[in-house]
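Step one of this worksheet: look at the structure below.
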Amino acid sequence: MPTETFEFQVEARQLLQMMIHSIYSNKDVFLRELVSNASDALDKLRLEALRDDSLDADVSDLHITIETDRQSRTLTVRDNGIGMSHDEVVQLIGTIANSGTAKFLRELKEAEDTAAAEGLIGQFGVGFYSSFMVADEVTLLTRRAGESQGTRWTSTGEGTYTIETVDSAPQGTAVTLRLKAEDTEDRLYDYTSPWKIREIVKRYSDFITWPVRMAPETSGAADGADDAEGTDDTPREPETLNSMKALWARSREEVTDDEYHELYKHISHDWIAPLETIRLQAEGTFEYQALLFIPSHAPQDLFMQGYKRGIQLYVKRVFIMDDCEALMPPYLRFVKGVVDAQDLSLNVSREILQQDRQIQLMHRRLAKKVLSTVKDMMSAEPERYATFWREFGRVVKEGLLSDFENRDAILNVASFATTHDKDEPTTLRQYVERMKDGQEHIFYLTGESRQAIENSPHMEAFRAKGVEVLLLTDPVDEVWVQADPEFDGKKLRSVAKGEVDLGTEEEKKEAATERENRQQEYADLLGWMTERLGETVKEVRLSSRLTVSPACIVSDAHDVTPALENMYRAMGQEVPHVKRILELNAEHPLVSGLNRAYADRGEEAGTGLEETAELLHDLALLAEGGELADPSRFVRLMADRLERTL
């Protein structure tokens, strides 16, 4: 068969150069990566064989074999799993078909320390390339289960690779490394040594459910064998290196934290230890075991379409499904782990899972368990909780829109930026405990940034009276607060909506009387401005929330905010434009002057006052970060007014 030569794509060449020049201090990770890939291939074949009875594949003895040859300095990791077709080799090995690769390379270069660099490899599925840290040449021989021909891929990592079709190849994949010379100063060890292979497999892959076997060497294959046994040429049986014990089925006392962490790294492809490990064992009419992990950091693609979410599903320790979405709600999609059920069918499909009552019960209990764990973390380990909320708070708040059953539990574990403290976020419980006497609501304001919210005119009265306000800057905040949520019997209320009535009962009565007097004084101006600005606003009224600014624009209590309108339109949903309310600060010289001018001129107010009213509205709109309908007209009017002051 002809051999074709190809060039690596630019990103792949850059990554290979990094691998070859040792971005990792611990080069042992290459074997961990290859064994992990082989284990995935075996999982996929078992699943494919369950779904397709016609698949011509041998699944009687699925395993991984590690073979070494000290004389030729080669190491081979072989599996009899699903294998790859010719096209899959080109797509998955010849190029890095991952939209995040450029970002991965940039972050890899910017990583401040080796540990940070090591933590990046699994996130982008580039583990295979770590082979070039220890090898001068890598050869991959593979045949997909059910196909007759195989494919051989070879590269030295210098910028090109070759691919050829082969007639005789065993089912599965074999990766052969022609190893570099040993260099212990550079932590490049002898990876043909049986004791080194045992050490790596035991450390990283002991929990893998498939046997990892090491093929024996004959007595003459090495000078100075590691093992004393086998002094003649009698063939020895392969040695199984891993225990294959399911960690979730063992008691907590039998398992170390390191073993849990290695399982997490294996199933998540994230090589940084998890933030929290959660065990759950359900007994009774429906039995299952769960071992869940909360990562230490949010993956790069957490909010990208196509993000793989879900938990690995096993039935009686037989792998059934990767990324089982039915087991965990979307707002907890970052949670990784394993669920092993006793009473499900081995042939269960994703469609059946959506309707299965047992799966729904597991879904509910797992979600509650994760939220209760976070609540415990909040009180017992506040620093770890702070890390959790910083990394995953934005996605958890999505549950306030979709999981009404757990809405209170989510609000109980949520924390928000607040005017009470510039650095530390606050929980709703802490907010309620600090509420002033007579305060009935939990106040908040949404916006693009903390600075924009704090400088908003809507905040003036709250700042003056020392009333705490939650500062909500995540896009999801615009949506979930529309549902008028409550916490501890107190409604969350926007400071930019409806009327504002602050202070004690006595202060409120005094304010109401003063407002009534002011209303009569400004009635004519307010009616005239409401008429003149009728195409833009639904009402012009006096404000009780302004102390410095001349005007602000607010929404009615149950109206959709402009930010939410824009969000819906960005998603392709047309929503009717909602007119808002212009509030005036009667104490501001501009407003009081406008009132006197209108009182003097009455119906003869003319164009000058109309333009002033229009400018007042546009200034209020700009102050809250809104967009003007006609910026050029605003600039022209402002220029004319400024010219008159010269």
Side-chain angles (χ1 to χ4, degrees), residues 247-249 252 260 263-264 267-268 274-296 298 302 309-315 321 323-344 348 353-382 384-416 427-429 476 480 483 485-489 492:
L247 297 189
W248 56 90
R252 178 66 183 90
Y260 280 138
L263 174 62
Y264 165 75
I267 62 180
S268 68
L275 184 69
E276 189 65 59
T277 301
I278 304 171
R279 287 178 56 94
L280 179 62
Q281 182 155 344
E283 297 178 345
T285 54
F286 179 46
E287 295 185 1
Y288 62 92
Q289 297 161 318
L291 186 57
L292 308 178
F293 302 97
I294 297 176
S296 297
L302 182 61
R309 65 180 180 87
I311 306 298
Q312 287 190 354
L313 176 62
Y314 285 73
V315 174
M321 190 179 299
D323 304 315
C324 181
E325 297 180 0
L327 287 170
M328 195 64 69
Y331 68 91
L332 296 177
R333 57 185 174 270
F334 54 86
V335 176
K336 300 298 181 183
V338 172
V339 170
D340 190 351
Q342 303 302 310
D343 304 310
L344 290 177
V348 69
L353 285 175
Q354 297 295 335
Q355 308 299 326
D356 190 279
R357 179 175 171 275
Q358 293 178 334
I359 290 291
Q360 292 173 359
L361 290 172
M362 289 164 57
H363 171 106
R364 292 173 60 188
R365 185 165 180 191
L366 292 175
K368 288 181 182 297
K369 181 65 175 178
V370 172
L371 293 174
S372 67
T373 299
V374 174
K375 187 176 181 181
D376 293 341
M377 192 192 304
M378 176 188 283
S379 57
E381 300 176 285
R384 287 160 66 84
Y385 164 77
T387 299
F388 167 82
W389 193 255
R390 183 178 64 250
E391 296 292 327
F392 303 108
R394 184 152 64 110
V395 65
V396 170
K397 283 188 286 187
E398 293 176 9
L400 295 169
L401 300 170
S402 57
D403 191 351
F404 299 106
E405 181 181 352
N406 287 315
R407 176 178 284 183
D408 289 344
I410 296 171
L411 286 175
N412 267 303
V413 301
S415 56
F416 308 92
T427 65
L428 294 182
R429 176 65 57 201
V476 69
W480 69 265
E486 289 187 7
F487 179 82
D488 199 23
L492 273 73

| note | N406 meets the side chain to side chain donor-acceptor pair (under 3.5 Å) criterion, sequence neighbours left out, with K368, D403
| Taking atom types as modelled, is there a side-chain donor on Y260 or R279 under 3.5 Å from an acceptor on the other? | yes
| task | Not counting sequence neighbours, which residues clear side chain to side chain donor-acceptor pair (under 3.5 Å) with E381? List them please. | result | R384
| Considering residues at least two apart in sequence or located in another chain, which fulfil the salt bridge (Lys or Arg N to Asp or Glu O under 4.0 Å) criterion with R407? | none
| Which residues satisfy the side chain to side chain contact (heavy atoms under 4.5 Å, CB included) test with A249, sequence neighbours excluded? | A246, Q289, R317
| field | Non-neighbouring partners of F392 that pass ring pair (Phe, Tyr, Trp, His ring centres under 6.0 Å), sequence neighbours left out | value | F334, F388
| query | Is Y385 reaching over with its side chain to a backbone N or O of V413, donor-acceptor style, under 3.5 angstrom? | reply | yes
| Listed by chain and number, what are the salt bridge (Lys or Arg N to Asp or Glu O under 4.0 Å) partners of R333, not counting sequence neighbours? | E398
| field | Counterpart residues, salt bridge (Lys or Arg N to Asp or Glu O under 4.0 Å), relative to R364 (two or more places apart) | value | E405
| request: Indicate whether any N or O donor in one side chain lies under 3.5 Å from an N or O acceptor in the other, for Y264 and T277. | output: no
| Of all residues at least two apart in sequence or in a different chain, which pass the side chain to side chain donor-acceptor pair (under 3.5 Å) check with T427? | Q430
| query | Looking at L327, L280, I278, which hits side chain to side chain contact (heavy atoms under 4.5 Å, CB included) with L292? | reply | I278
| By side chain to side chain contact (heavy atoms under 4.5 Å, CB included) - contacts of D488 (at least two apart) | R429, V432
| query | Can you name the residues that form a side chain to side chain donor-acceptor pair (under 3.5 Å) with K336, not counting sequence neighbours? | reply | none
| With sequence neighbours left out, what residues match R357 under side chain to side chain contact (heavy atoms under 4.5 Å, CB included)? | L361
